[in-house]
Structures are given as structure tokens and as C-alpha cells.
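All values below come from the heavy atoms of this structure, side chains included, with hydrogens, waters and symmetry mates left out. Order of the sequence lines fixes the chain letters, A, B, ..., with proteins taken first and strands second; residue numbering starts at 1 for each chain.
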2 protein chains.
Amino acid sequence: MTKDAAPFLGSAKPTQRTIARATGLAVTTVSKALAGDERIAEQTRRKVRKAALELGYVPDRAAQRLRTGKTNVISLVLDPHSELLGFGASMIAGIAEVVRQTPYHLTIMQYQLGEDPVAPIDYIVRNRLADGLIFARTEPDDARVHFLRKARFPFITHGRTNFDDHAWYDYDNRDFADRAVRMLARQGATRIGLVPPSPAYTYHRFMMEGFDLAIAQEGLTGLLSPGFDLNDDADILHDKLRGWLLGDAPPDGLICPGEVSAMAAHAVLNDLGRDLPLVVKQTSSVFNYFRPRPMIIGEDIVQAGRQITTALIRLMAGETPRNLQILAPPYLP
Amino acid sequence: MTKDAAPFLGSAKPTQRTIARATGLAVTTVSKALAGDERIAEQTRRKVRKAALELGYVPDRAAQRLRTGKTNVISLVLDPHSELLGFGASMIAGIAEVVRQTPYHLTIMQYQLGEDPVAPIDYIVRNRLADGLIFARTEPDDARVHFLRKARFPFITHGRTNFDDHAWYDYDNRDFADRAVRMLARQGATRIGLVPPSPAYTYHRFMMEGFDLAIAQEGLTGLLSPGFDLNDDADILHDKLRGWLLGDAPPDGLICPGEVSAMAAHAVLNDLGRDLPLVVKQTSSVFNYFRPRPMIIGEDIVQAGRQITTALIRLMAGETPRNLQILAPPYLP
DNA sequence: ATCCAAGATTATAACGTTATAACTAAGTAA
DNA sequence: TTACTTAGTTATAACGTTATAATCTTGGAT
């Protein structure tokens, strides 16, 4: 079992048959013994396991998969925007961390801008490429959720939808907005501007609810920036924000839940020489390096990845989806 | 073929056997026809393909894999630092973009801090979990490269090693350093500071060569920051840089090839109220939002992912590694 | 008419695993 | 004794595909 040796070069790759011959047992017995079947004598099981180890046996995934129908694969389907900053990578880090302690493997698909988000999922389901699926940025009436519910395929989302009967993990954006407003109020701001997420996403609603309620409770004025699109490039982002902040009745405190738009807002404020208090939602660590440093409310995506994976594995094991709905609170660094 | 229908619920999943029965041909013929075998009559091939489409046939990956020994999987092995900013996600985006137009799939492994980098690779090779491998951050005498050469397993690295006989993709850090020095010289800087990468990595050497040569040619003074470690957190980074910049004989121009240390340097300069010209190597888009905006020399990781994948596929097809060595020039946005 | 080659299709077997049912030996109840 | 259980092991078959070798046509050359 030396790391340096090229495995199985020259000598044939050991299979259960090899073990069977070595121990004088039947292949079936070997299979059962390796699976830990109670009906095989303890002594036999030990003998088989020892032989397997010595021979350097590793089960053939393809054969197992063909026979059992299980792929032992979890698939993460990324949207085209996931390479923006850390979201995708952090999510993957979290998933990979959990997955490596299980028999599961992680495969990644990413569809391109303008493509049908259902297509890769359809492809995975149709080709039986995975046992379970993860994806993010849900919409209220998400087409992917529609599809997977109908196909009865195990999945978990990052973000909620209008269906409340599937497994999901979500960041508590209502609480985020609430805290952000109060943070700014404490700084003396009275006209609080929010750069809202695209209304296409489900969490837009929660964000707005939290915002509106906190604004009302604190007796403040709430202002909304013009809408953004994830496809907007840096310049467009910059101009829109600039126009808004230069308008009449500008905010005296700013909330930016989107990491990219928050960076843009920070830059605009700098360019305009304004020093508004700014609250951002940080999913990576960039804002720790911005000056002046904004107020930061964190969302831990790596942790999200971990919890999502754990939940999905339980889902695939038969647990009911309704028990696998996780609302993650904001964390304050 | 409607998107909405749950595939294969109730009715059995169509196999080549289903097609064979439907067309009155033998399974073997169907297999060959689907593979486009020239020895099957054109007419028959058409008939089979038509039937396959109508029945919604998709080949069973597990069976193909078991029979042929090919996994059709490319595996990306990430180190623990890849979730820092965009590297991992961008690389994945590039790989995914290419892979989706091929029969290959992408799986991800990420090992944890302090773990043996060879372990996941050993695991993949031993379990035949992939046909080809990608990994980054190479060292001159990289243990992973050692292992894979010996195992004769197809792989491509991001970054060079002391072995010149494997496929690699590398960013031209020598050229980067050269350009960076001259940019700063053009701004009037004469004492140029470099925050060098860890000497553990191969590219440290190229970076230093480019730096030293350009410094000499321009007749400038070259300065090096104290060493960094990717494990250093934001505070340590900050303190080290601060100490260096506050020392006697500080630089009057700064080069930061590491994105994280560049952000830290930017913050320190801000905190100290200094306005040194700063050149960074940008692999995401963050620095477009920093003020004052540093001078940016770009490294396109998504493009790297694309080229790496294309090269790996050609490698697996039998092309010789020496023809698959790509040196990517810096790009100036 | 016979033979042969080329073209097209097919039968057979195998990849490595596991579910199912069948078998054997030993022990227990009648 | 005989029947019956239980523990332990095994034979058989199958998952869906493809490589190999074998078979069957057909048409042309002799």
C-alpha cells in the first residue's frame, strides 16, 4: 500500500473474485462479507477484510452502480453567475468537506448565460448521473423545482420557493434587513437606502419584508435604488448607483446585500467623496480590505455547503423533506 | 421528450434491448449503429437512431464504464486555499464550459488544510474515479506530479514543475513582473517593493527572475516584503505589511501578485495615508472597485480552465504531453 | 454452377458486482 | 428416530453495454 507505487500496473486489478480465490470462499460470500452482512460469520468477515486489504482491493464503482442503480454522486448545478466572487467556490468547499467522509462524490455542472436552467438538471435526471442535486438562487415559482418534484428526484435548494414541501437551506434575509436598518439607525441615519436584489429571486420578498418592517418600527424613511441585473457590468452598476445617490432626496445610510453591488456602491461613495454609513452582506472576506470599512453582516457559504450536503444525504436516505428545511441566521463578525 | 414529464416513471427505462426489439435488430447491431460504426448500413443506422430518439433512450453510463473501463470523468483536485476569492470558481467555470460539449463530466475534490495533497489523487487513481486530473499551485518537485508520472495517469497542472515532460498551463509570471516593474518605473518609482509568492511554489522563481532582471535593466532598487503564508489571516497580513512599509528605506512603488495580499496592502496603504503606486495581479474583478484603483495586470482564470481542459482531453486522446504546455501571457485590461 | 470476397448482421461472452433463491450442516423439538 | 429450525455459505442470474468472432447475404468472377 505504498503511495509511490503505481497501482495495478502489470498485475491485474484485484476483484472480489481474486479475494474469493485467495480465501477459498465464494464470490457471493466475499461480497456479503465486505458489505458487513450479519449472516456471514464474524470470523469469515474478518478473513475477507484482511485479504481485501492485503490484495489492495477496491470496489469497482461502475459495477456497483450498474448493479444497484445508485450512482453515489451528488451534483451541484451552478448558474452562470457563480464565479462572481466566492459563492461557488465556498459552496463547493463546504460540500466537498462533508462529501469526503461519505461514499458520495461531487460533480459540477454550470450552465451558460441565456441557457435554460432546467436543461442541465433534465440531463442529469435523464442520464441518472447523480442520486441527488443541489442548486441555488431560487425563484418563487422555480422551474427547476417544478421539474424535480415531478420527477421525484432528491434535491435541496439554497433559497426557498413557493413550494414548502422540498428540502431547502436559506439565509435569513428578513433578519439581515432588520439588523441592517437598526445598525444604521443607531448611527443616526434616518433615510435608509436599500439596493434590493432582483425581484426574480425568492429572497427579494423576505429582504423587503424585513426592511419595510424595521423602517416602520424605527420611524424612518426607506428608499430603494434603481433595479440591478446580475448581467450589468461594473460600469453600468457604477452609473446607476451614482445617478441615484446624486438625485434629490438621497439616503443618509445604505444597505447593500449583493456583494458585487456593494463593492460598486463603496467605490461610488468614494468617488463622490461621501461618507455614508454602509451595511453590506459579506459572503467572502473582501470587505475586510475596503476602506473605509463598511459595516458587515456575514453569510457563511461554506457552512451553508456543509449543512446542505448533510441534509441532502439524509434526504436520499429517506428522511422527509419537511424536516430538512434550514433557516440560517446572519452572523456578526 | 417533454421537459415536464418525469422520465421513466412507471414505464421501464429504455435500453438498447428495447430498441432492438422495436426495430427487429440484434442488440449488437443497435450498439454499433449508435456508435456510428461504418460497417452498419447507413439505412440501419438511421433507423436505429430514430427509434432511440423516439423511445427516449439514453446510454447507461455505468454499463459503458464497466464494459469499456473509461469513466468519462475529469477530476479537479482543489487545495484548501481555493475558496479564497475567485480562483477555484473561475477555474471551474472554464472547465465546465468546455466539458459540457464533450462526453466528459467534472468531479471536484478538495482536501483540507494540513492533509497530504497526494491522498485524494491516490484515491482517484486507485479507484479509477476519473480518466484525467487537473490540479494547481505546483511546487518544483511536486509530490503529486511524482505520483501521477509513476502511475502513468493523464494529468495537467496549472503551474510548472521541475519535470518538463508533463502537460501544464502556466501564467507567465516572469512577464508579469517585468511589466509591473516598468509600469512603476514609468510612474517615477525608483525603489520597487515586491510582495513575493511563497518560495514553495514553482512560480516564485519565474516571478523573481522577471523582477530582478527588470529592476537591473531599469537601474532601480528592488525590495522584498517579509514572507507570507497562505494560512496567515487578515490581521497578520496587515501587520506584516504595515511593519515593512513603516520600516526605514520603504519602497515608493509596490507590486502585489497575490490577490489577497494585494487587498491587504491596499488597505494598509490607505490606513497609513500613503498613496504609493500599486500594481496587482487580478484574477477576479475586485480591484475594479478599490479606491484608489491600483494598476491592474490580469490573469484570466476562466480562460485557463478552458485551455487546460482542452489540453487534457487531447492528452487523454493520446497526444504527447510535450505538445500540451501552454504559457499564458498577462493581459492588460 | 461454383467459389470467393465484401458487406451487413448476429451470437456469444465478458466487465464486477449484488439480489434472490437454493443449499448444507448442525442443533433442537417432537 | 424424524421433522424442523437456524446459521452459514453458495449457485445462479442479472444489471446494460461492447469486443470478438461467427454467421448470413449478395454479387461478381471463374
Side-chain angles (χ1 to χ4, degrees), chain A residues 7-8 11-52 55-73 103 105 126-129 131, chain B residues 7-8 11-52 55-73 103 105 126-129 131:
Chain A
F8 323 136
S11 72
K13 160 180 146 187
T15 70
Q16 291 187 352
R17 224 173 134 214
T18 322
I19 302 178
R21 277 204 276 255
T23 53
L25 292 163
V27 176
T28 316
T29 315
V30 172
S31 173
K32 282 190 171 34
L34 289 171
D37 193 313
E38 294 285 335
R39 293 172 313 180
I40 301 296
E42 167 64 23
Q43 187 191 352
T44 311
R45 271 182 277 163
R46 263 208 302 272
K47 186 165 64 174
V48 169
R49 274 199 220 112
K50 183 157 164 276
L55 292 166
Y57 167 81
V58 293
D60 185 306
R61 298 274 180 174
Q64 287 182 320
R65 185 165 156 180
L66 175 59
R67 182 63 242 236
T68 64
K70 274 202 59 171
T71 63
N72 279 320
V73 166
H105 295 223
R126 172 168 272 114
N127 290 41
R128 289 265 153 82
L129 256 30
D131 297 333
Chain B
F8 323 139
S11 71
K13 161 180 144 186
T15 71
Q16 291 187 354
R17 219 169 140 221
T18 320
I19 302 177
R21 276 204 277 256
T23 54
L25 293 163
V27 176
T28 315
T29 314
V30 171
S31 173
K32 284 191 168 35
L34 289 171
D37 192 312
E38 293 285 337
R39 293 172 314 180
I40 300 295
E42 167 64 24
Q43 187 191 351
T44 311
R45 271 183 279 163
R46 262 208 301 271
K47 185 166 63 174
V48 169
R49 275 200 218 109
K50 183 157 162 276
L55 292 165
Y57 167 80
V58 292
D60 184 304
R61 298 275 179 172
Q64 287 181 320
R65 187 164 154 181
L66 175 61
R67 180 63 241 235
T68 64
K70 275 201 61 171
T71 63
N72 280 320
V73 166
H105 295 224
R126 174 169 270 113
N127 290 43
R128 289 267 153 80
L129 257 29
D131 297 334

**Prompt:** Asp37(A) CG to dT18(C) P: how many Å, rounded?
**Reply:** 11 Å
**Asked** Is there a side chain to side chain contact (heavy atoms under 4.5 Å, CB included) between Arg65(A) and Arg65(B) once you walk through the steps?
**Response** CA-CA 10 Å; Arg65(A) 185 165 156 180; Arg65(B) 187 164 154 181; 3.5 Å; yes
**Asked** So do the side chains of Arg49(B) and Arg45(B) get within less than 4.5 Å of each other, counting heavy atoms only?
**Response** yes
**Spacing between Gln16(B) atom CD and dA11(C) atom C1', to the nearest angstrom** = 15 Å
**Message:** With a sphere of 6.0 Å drawn around CD of Glu42(A), does it hold more than 12 non-hydrogen atoms of other residues, nucleotides or ligands?
**Reply:** yes
Can you pull every protein N or O that's under 3.5 Å from an N or O on nucleotides 5-10 of chain D?
{"unit_1": "dT9(D)", "atom_1": "OP1", "unit_2": "Thr44(A)", "atom_2": "OG1", "d": "2.8"}
{"unit_1": "dT9(D)", "atom_1": "OP2", "unit_2": "Ala41(A)", "atom_2": "N", "d": "2.9"}
{"unit_1": "dT9(D)", "atom_1": "OP2", "unit_2": "Thr44(A)", "atom_2": "OG1", "d": "3.2"}
{"unit_1": "dT10(D)", "atom_1": "OP2", "unit_2": "Ala26(A)", "atom_2": "N", "d": "3.1"}
{"unit_1": "dT10(D)", "atom_1": "OP2", "unit_2": "Thr29(A)", "atom_2": "OG1", "d": "2.7"}

What are the atom names and distances for every N/O pair under 3.5 Å that joins the protein to nucleotides 13-15 of chain D?
{"unit_1": "dA14(D)", "atom_1": "N3", "unit_2": "Arg67(A)", "atom_2": "NH1", "d": "3.4"}

**Asp60(B) and Lys13(B): CA distance, side-chain angles, deciding distance, salt bridge (charged side-chain N to carboxylate O under 4.0 Å, His left out) verdict** = CA-CA 10 Å; Asp60(B) 184 304; Lys13(B) 161 180 144 186; 2.9 Å; yes
**Message:** When the axes are fitted on five pairs at both termini, how much does the helix from dA1(C)-dT30(D) to dA30(C)-dT1(D) curve, in 10° steps?
**Reply:** 70°
**Prompt:** By side chain to side chain donor-acceptor pair (under 3.5 Å), which residues pair with Arg61(A), not counting sequence neighbours?
**Reply:** His105(A), Tyr123(B)
**Message:** Once rounded to the nearest 0.5 Å, what's the spacing between atom OH of Tyr57(A) and atom OG1 of Thr15(A)?
**Reply:** 7.5 Å
**Prompt:** Of all heavy-atom pairs between Leu129(A) and Val73(A), which one has the smallest distance, and what is that distance?
**Reply:** O-CG1, 3.4 Å
**Request:** Send over the distance from Leu34(B) CG to dG16(D) C1', rounded to a whole Å.
**Result:** 12 Å
**Message:** Less than 4.0 angstrom between a side-chain N/O of Gln64(A) and OP1 or OP2 of dG16(C), yes or no?
**Reply:** no
What donor-acceptor contacts under 3.5 angstrom involve side-chain atoms of residues 25-36 of chain A, with partners at least two apart or in another chain?
none

**Message:** For the backbone of Lys70(A) and the side chain of Asp131(A), can you confirm whether one donor and one acceptor N or O come within less than 3.5 Å of each other?
**Reply:** no
Identify each atom pair where a protein N or O and an N or O of nucleotides 22-28 of chain C are less than 3.5 Å apart, giving names and distance.
none

**Request:** Taking all non-hydrogen atoms of both residues into account, name the closest pair between Pro14(B) and Leu55(B) and its distance.
**Result:** CG-O, 3.3 Å
**Prompt:** Under the 3.5 angstrom rule, does the side chain of Thr23(A) hit a backbone N or O of Val48(A) as a donor-acceptor pair?
**Reply:** no
**Asked** Looking at Ala62(B) and Leu66(A), what are the two nearest heavy atoms and their distance?
**Response** CB-N, 3.7 Å
**Message:** So does Ile40(B) get a backbone contact from the side chain of Thr44(B), meaning a donor-acceptor N/O pair under 3.5 Å?
**Reply:** no
